[in-house]
Chemist: 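Quick one: the structure is below, questions incoming.
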Number of protein chains: 2
Amino acid sequence: MTKQARGDLTRQKILQAARSNFSRRGYDATGVADICQQAGVSKGGFYHHFPSKQALFIALLQDWLHALDVQISALTTQNTPATVMLQNLAALAAPLFAEAAGQVPMFLEFWNKAARDTEVWAATIEPYHRYRDVFASIIQQGVESGDFRAVAPQMMATGLVALGIGLLLQAGLDQDGMNWGETTQQITQTFLKGLQQETE
Amino acid sequence: MTKQARGDLTRQKILQAARSNFSRRGYDATGVADICQQAGVSKGGFYHHFPSKQALFIALLQDWLHALDVQISALTTQNTPATVMLQNLAALAAPLFAEAAGQVPMFLEFWNKAARDTEVWAATIEPYHRYRDVFASIIQQGVESGDFRAVAPQMMATGLVALGIGLLLQAGLDQDGMNWGETTQQITQTFLKGLQQETE
DNA sequence: AGAATAATACCGACCGGTTGGTATGAATAA
DNA sequence: TTATTCATACCAACCGGTCGGTATTATTCT
């Protein structure tokens, strides 16, 4: 195996081990030694690939955001009416929420760190604004086409994001008997109805 | 000063110092020594009042939940139509979100711990269910009175909670130029419109 | 081609500092 | 006196990060 390939592999193993540990036990409770052990790498090896524990965390965050990017941009390329687009979005999000169990701890970890760590905050807020703007432009399109009432797109986009965040957290922390997929659909439907022009 | 009073006072000082430190720098980053110093108490004093750092955290959580209890139960005692009730709720929440800056880190800290610590989880989930049920019964009343469509109250209550959580987090982490009070009002209004029976 | 040199990937012992928690004794109200 | 409330001194464990060194692979020179 080439040197490059071997290096990349161990880097991936470290990232994987970190992901698993951070989401299971949290950032602070996870020691660099733990990650090293699970990845089968020594401490020296770890610090060869990452300058610090924080840098590893940010790398993880960016991987996560990139995956989100892919999912969301897949939506915007279509050219369908706003109503349909938002319904697609909900349909896409529903299964994600239903299986939110493993995702949530990591999600919370990111936000929690972002609230205090300037670097993490910067890495989080930029894509967040991008996603919100995507929603806003979809809504704006809906307003212009007359499907929606004359609402403020930015505000309503914030509402959509709020629904997403809130549902994700609830689904993750409260695996009740609730059907989270169905719940997501119903709620989105209701919000959409609130956006729509009343047919007279 | 009596012994009792003095003890209660230092206990309060410890709680206050902990609240300040936890929300500013996070649970793990805050040492017991930090709290002691700010509270003007020695380590011995601290461990006289609280058996552990975790116990202090849970005590803080319960204080916080109790304050929420008071606010929410103040709503339910009134006997107004569901629509008005929910609008009142939004009006009550709006300023809270607008000044969410200090609240959010603590909020995140609670949820983050709840996702991993069984005791914290139990202390969190019970009141959460209670609040959601309150919303559900308000919505149910709206359905029965004919103001609302025939929606599933539990699901819509979940949506309301999702909006609350999502808005709180966004307002706290993103002190943009946005007017969060206004935004909250608009979004609630929209969701409400989605709930309402279309007037024919 | 093959020797010499450099760069990369990794190891594991070690360090300074911090942490939550404890053992013990003093002050003071009851 | 006696129980409560707090102060002092201290500890064992742990943590992120460093460092000197080695083995392996690339690169350059002859």
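Order of the sequence lines fixes the chain letters, A, B, ..., with proteins taken first and strands second; residue numbering starts at 1 for each chain. If you're wondering where the values come from, they're calculated on a predicted model, not measured in any experiment.
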Chemist: Before giving the answer on side-chain contact (heavy atoms from CB on, under 4.5 Å), spell out for B/Trp64 and B/Thr124 the whole-Å C-alpha distance, their side-chain angles and the decisive distance to 0.1 Å.
Modeler: CA-CA 10 Å; B/Trp64 200 68; B/Thr124 308; over 6 Å; no
Chemist: Categorize A/Gly31 for me: base, sugar-phosphate, or nothing, with a 4.0 angstrom heavy-atom threshold over every strand shown.
Modeler: sugar-phosphate
Chemist: What's the CG-P distance between B/Asp8 and C/dA29, to the nearest Å?
Modeler: 16 Å
Chemist: Would you indicate which nucleotide in C/dG21, D/dG17, D/dC6 comes nearest to any side-chain atom of B/Tyr47?
Modeler: C/dG21
Chemist: Measuring from B/Ile35:CD1 to B/Phe46:CZ, what's the distance to the nearest 0.5 Å?
Modeler: 5.5 Å
Chemist: What is the separation between atom OH on B/Tyr27 and atom P on C/dT19, rounded to the nearest whole Å?
Modeler: 13 Å
Chemist: To the nearest Å, how far apart are B/Phe46 CZ and D/dT5 C1'?
Modeler: 15 Å
Chemist: Figure out the NE2/P separation between A/His48 and D/dG20, and round it to whole Å.
Modeler: 17 Å
Chemist: Taking CD1 from B/Ile14 and P from D/dC6, how many angstroms apart are they, rounded to a whole number?
Modeler: 8 Å
Chemist: Does a nitrogen or oxygen in the side chain of A/Ser52 sit under 4.0 Å from OP1 or OP2 of D/dG16?
Modeler: no
Chemist: By nearest heavy atom, map A/Val41 and B/Gln54 onto DNA chain C; which one lands nearer the 5' end?
Modeler: A/Val41
Chemist: Nearest-Å distance, CG (A/Asn21) to P (D/dC15)?
Modeler: 12 Å
Chemist: Which nucleotide sits closest to the side chain of A/Ser42: D/dC6, C/dC11, C/dG21?
Modeler: C/dC11
Chemist: Hey, what do you get for NZ (A/Lys113) to CG (B/Leu108), rounding to the nearest 0.5 Å?
Modeler: 11.5 Å
Chemist: Taking atom types as modelled and ignoring hydrogens, do the side chains of B/Gln170 and A/Thr158 form a donor-acceptor contact shorter than 3.5 angstrom?
Modeler: no
Chemist: Need to verify one output field. Residue with the more 5' nearest nucleotide on DNA chain D, A/Val32 or A/Gly44?
Modeler: A/Val32
Chemist: From the set D/dA9, C/dA9, D/dG16, return the single nucleotide nearest to any side-chain atom of A/Lys43.
Modeler: D/dG16
